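The structure displayed is predicted, hence computed values, not measured ones. Chain naming here is simple, since letters A, B, ... match the order of the sequence lines and numbering starts at 1 in each.
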Protein chains: 2
Amino acid sequence: MTSRAESAAATRRALLDAAAELLDEGGLDAVTLREVGARAGVSRGAPYRHFADKESLLIAIGTQAWEQLGDRTQALRADPGLSSGEKLRGGLNALIAIGRTQPHLYKLMFSHPPGDPAALARAAQRSQSEFLAIVAGLVGEQAARRYTALLISSANGIAGMQVSSQLADEKWGGITTEELVDTLVAMIEAQS
Amino acid sequence: MTSRAESAAATRRALLDAAAELLDEGGLDAVTLREVGARAGVSRGAPYRHFADKESLLIAIGTQAWEQLGDRTQALRADPGLSSGEKLRGGLNALIAIGRTQPHLYKLMFSHPPGDPAALARAAQRSQSEFLAIVAGLVGEQAARRYTALLISSANGIAGMQVSSQLADEKWGGITTEELVDTLVAMIEAQS
DNA sequence: TCAGTCAGGTGACAACGTCAACTGAAAGCC
DNA sequence: GGCTTTCAGTTGACGTTGTCACCTGACTGA
């Protein structure tokens, strides 16, 4: 009925899902290969048939998240009913939303693993190129590099501050991530 | 000769130094209580006389780094020979420099531990208040909150991008963190 | 049909964080 | 000074984890 390749792919997916679920529920420490295997319905050693080690499994989860964000940003960019500013705000808020709803996953997306620092960066590249294209429509090809780098860095930082609950501090007067994104985008729009 | 309190304080410091050294050398995974104890010249159980658990030790290291940064920013703010923009650039670049020279320590400073998320945030508060005071001198008390929150978030993000080597990507055209900070500060100065 | 491939299971090992029990020297008290 | 208390430090032990070597059994291709 099910070929070997099919069942292997299903197991791999089950492992990824189980690991992502554990990450969401209890953070990085909760992701143990034993528990991942158990939730996927296999033994503790089974993950080694699909991932070189635990780190590779985590990288795969982060890569998956970057790809989904890339899809979303691409859809925003292609939407003819949105202004450049709206596309920008939409994309940045989508990124930051991950930080709010899935903080552990978010940290994974921006933490370079010791083994292969380039792996996650490659996965992030497409999302970032989408942003670059949007900004280029605002301030031109030349300046877009600098502003996009600043934009993504800032969005990353805003989300990071939120993840570590530092934006909730009273000295900021209850500022929201959306307000920060609006301020940022407005400043960039003013450059055009 | 040496009182008990003195030798205990010396051991505590030796433990902190050893842990910070291991963190620098091999990242978070390299920091094991056994190795920390060994480098500090004590046994593997000794750290538990000074820190509740491994996490508390790591928090202490992060707190220490925030305090040093606070000292530095305070000195910058008090320097009458610097303009507000220069103070700002100096402080932000100091923060980012930690990301460049001690990436593992930097990640520790911005990662909230599961146990007490507020502990590190409290330590970061003073540094952030210093920035708030500087920005208030630029754009006024009212707008300072928003711009400082954005500023620190962005600096955090810039450093984070650098730590994960994502700024080195060719699509940014070899942009440096200093350029990003300059762009950011210039945009904020334009608001006054 | 049959040898080969490969997903999966199991036993084992070293390393780790952590705790309980112990030791010995400094500190406080009479 | 002698006694008791305190407490930094050590050691043995335990459960958990990542990882490997080895085994098994079902699917695959010829």
For a quick check of understanding: with a heavy-atom distance under 4.0 Å over all strands, which category does [X] fall into, base, sugar-phosphate or nothing?
| X | result |
| --- | --- |
| Ala46(B) | base |
| Ser43(A) | base |
| Val36(A) | nothing |

Whole angstroms only, please: what is the [atom1]-[atom2] distance between [X] and [N]?
| X | N | atom1 | atom2 | result |
| --- | --- | --- | --- | --- |
| Leu15(B) | dA8(D) | CG | P | 12 Å |
| Glu35(A) | dT16(D) | CD | C1' | 13 Å |
| Asp53(B) | dT18(C) | CG | P | 5 Å |
| Glu6(B) | dC7(D) | CD | P | 17 Å |
| Tyr48(B) | dT11(D) | OH | P | 16 Å |
| Leu28(B) | dG17(C) | CG | P | 10 Å |
| Lys54(A) | dC16(C) | NZ | C1' | 12 Å |
| Arg49(B) | dA25(C) | CZ | C1' | 15 Å |

When you measure from the side-chain N and O atoms of [X] to the phosphate of [N], is any distance below 4.0 Å, counting only OP1 and OP2?
| X | N | value |
| --- | --- | --- |
| His50(A) | dG8(C) | yes |
| Thr32(B) | dA15(C) | no |
| Thr11(A) | dG8(C) | yes |

Upstream residue (5' side of DNA chain C) when Ala5(B) and Ala52(B) are each assigned their closest nucleotide |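 Its nearest nucleotide being more 5', the pick is Ala52(B).
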State, yes or no, whether a side-chain contact exists between Gln125(B) and Gln166(A) at a heavy-atom distance under 4.5 Å.
-> no
Going through the distances and angles, do Glu35(A) and Val31(A) end up as a side chain to side chain contact (heavy atoms under 4.5 Å, CB included)?
-> CA-CA 7 Å; Glu35(A) 184 62 23; Val31(A) 184; over 6 Å; no
May I ask you to verify whether the side chain of Arg44(A) and the base of dG11(C) hold a donor-acceptor pair under 3.5 Å?
->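 Yes, a donor-acceptor pair under 3.5 Å.
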Kindly indicate whether the side chain of Arg34(A) and the base of dG18(D) share any N or O donor-acceptor pair separated by less than 3.5 Å?
->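 Answer is yes: a donor-acceptor pair is held.
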Dump the intermediate steps for side chain to side chain contact (heavy atoms under 4.5 Å, CB included) on Met187(A) and Gln191(B), then the final yes or no.
-> CA-CA 9 Å; Met187(A) 287 199 300; Gln191(B) 305 294 321; 3.6 Å; yes
Arg126(B) vs Asp71(B), side chain to side chain contact (heavy atoms under 4.5 Å, CB included): CA-CA, chis, key distance, verdict = CA-CA 9 Å; Arg126(B) 188 173 126 249; Asp71(B) 292 343; 2.6 Å; yes
Toward the 5' end of DNA chain D, which comes first, Gly45(A) or Ala8(B), by nearest nucleotide?
-> Ala8(B)
I would like to know whether Phe51(B) and Leu15(B) meet side chain to side chain contact (heavy atoms under 4.5 Å, CB included); could you show each step before the answer?
-> CA-CA 10 Å; Phe51(B) 304 95; Leu15(B) 288 169; 4.3 Å; yes
